[in-house]
Amino acid sequence: MKPEQLVRPEILALKAYPVPPSAGMVKLDAMENPYSLPEPLRRELANVLARVELNRYPDPSAKALRALIARKMGVPAEMDILLGNGSDELLQIIVTAIARPGTTVMFPAPTFVMYSMYAAFLGARAVAVPLREDFSFDRAAFLARMREEKPAIVFIAYPNNPTGVLYEEQDVVEILKAAQGLVVLDEAYHAFARKTFMARLAEFPNLVVLRTVSKLGLAGIRLGYLAGRREWLEQFDKVRSPYNINVLTQAAALFLLERVDVLEEQATRIREERVALAAALGKLSGVTVFPSEANFLLVRVPDAERTFQGLKQRNVLVKNLHPGLRNCLRITVGTPEEDRILLTALREAL
Ligand code: PMP
């Protein structure tokens, strides 16, 4: 028996999520925070982690960590929290709990690829509603399509990846009012956009808010959180693998989120650097910079493939979105030094 005979056709048709090698490169492809933790904090963290009992299973529901996240991240008291191994896992959990073959999930596109990947895993139908040419949200088109398709799940990245656009608050409200299914508002880039529906959860019975600590500076520990009503989260919790948040992640997050102001200061620096980088990129002839509220910038260049390869030869890794997004590159905001290297390389690679 060959795998091709056994594996479901919708899985055979997929490509695994691509992660290119990046050793030794200026890494501006994955929306990571470029700053490491201050040295004294690293030493304290090392002590905390040294005391973790690796021989024991973690607290299965990570109660202390959920309480800390609720307190630090402004989760309303009456709402529940579910933790995931990255927000990726929470997306998969939501889709697994709801979608069955033929179920419709919907999102504005282009957007984060995993929404359609998780739908494909379950044999669900992914309906991608195009954004306008300038990547702004086409409210009338989206609402019309929602009325037609009646999706079980709507995914909205707020702000969006890979475009960086933050949709109007009223656009999200109209989607929430019109939706007959669940709306997952993915606030992965909240640290940079600082707009949120967290405080409005109680207004909308069909809303859950998804966040991650990845972009804030802790991509390596793999921790995401979902906030919403108990009625939703208790169902999603059944789909979660036991002990999905390991002991080292729980201990590191308990220690670091207590000191989240350190990471928030870094996010402020990244926001400031985003403005400076956007201005510098905009001065390069042939480069169009799209407005972004996240920690990356989407740019259009005359020949994305050539520029991407040229940057790579100069040891700078960005994300090439071409041909899906015609001649577009997504550049994560780095440190001022990294961005200087990027700009020098880009001048040569355009
Ligand atoms: N949502 C969006 C919009 C993203 O861009 C990403 C990461 N690229 C994620 C979710 C997943 O992040 P993580 O699994 O690291 O929490």
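Quantities reported herein were computed from a predicted structural model and do not represent experimental measurements. Each ligand, and each atom within it, is numbered from 1 in the order the structure gives.
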Distance-only, no hydrogens or angles: does the N33 side chain make a donor-acceptor pair with backbone N or O of L216 under 3.5 Å?
yes
Within 45 degrees of the axis of the six-membered ring of F204 and under 6.0 Å from its centre: does R200 put its NZ or CZ there?
no
Nearest heavy-atom pair of V184 and L210: which atoms, and what distance?
CG1-CB, 4.3 Å
Do Y158 and Y167 have their ring centres less than 6.0 Å from each other?
no
Mind jotting down which residue pairs meet the salt bridge (Lys or Arg N to Asp or Glu O under 4.0 Å) criterion with at least one end in residues 83-101? Sequence neighbours excluded, please.
D88-R222
Check D29 with K27, please: is the shortest side-chain N to carboxylate O separation under 4.0 Å?
yes
Between ligand 1 and the protein, tabulate every N or O atom pair separated by less than 3.5 Å, reporting distance only.
{"residue": "ligand 1", "atom": "1 (N)", "partner": "D186", "partner atom": "OD1", "Å": "3.4"}
{"residue": "ligand 1", "atom": "1 (N)", "partner": "D186", "partner atom": "OD2", "Å": "2.6"}
{"residue": "ligand 1", "atom": "5 (O)", "partner": "N161", "partner atom": "ND2", "Å": "2.8"}
{"residue": "ligand 1", "atom": "5 (O)", "partner": "Y189", "partner atom": "OH", "Å": "2.7"}
{"residue": "ligand 1", "atom": "8 (N)", "partner": "K215", "partner atom": "NZ", "Å": "3.1"}
{"residue": "ligand 1", "atom": "12 (O)", "partner": "S87", "partner atom": "OG", "Å": "3.3"}
{"residue": "ligand 1", "atom": "14 (O)", "partner": "S87", "partner atom": "N", "Å": "3.2"}
{"residue": "ligand 1", "atom": "14 (O)", "partner": "D88", "partner atom": "N", "Å": "3.1"}
{"residue": "ligand 1", "atom": "14 (O)", "partner": "D88", "partner atom": "OD2", "Å": "3.1"}
{"residue": "ligand 1", "atom": "14 (O)", "partner": "R222", "partner atom": "NH2", "Å": "2.8"}
{"residue": "ligand 1", "atom": "15 (O)", "partner": "S214", "partner atom": "OG", "Å": "2.6"}
{"residue": "ligand 1", "atom": "15 (O)", "partner": "R222", "partner atom": "NH1", "Å": "2.7"}
{"residue": "ligand 1", "atom": "16 (O)", "partner": "S87", "partner atom": "N", "Å": "2.7"}
{"residue": "ligand 1", "atom": "16 (O)", "partner": "S87", "partner atom": "OG", "Å": "2.7"}
{"residue": "ligand 1", "atom": "16 (O)", "partner": "T212", "partner atom": "OG1", "Å": "2.6"}
{"residue": "ligand 1", "atom": "16 (O)", "partner": "S214", "partner atom": "OG", "Å": "3.4"}

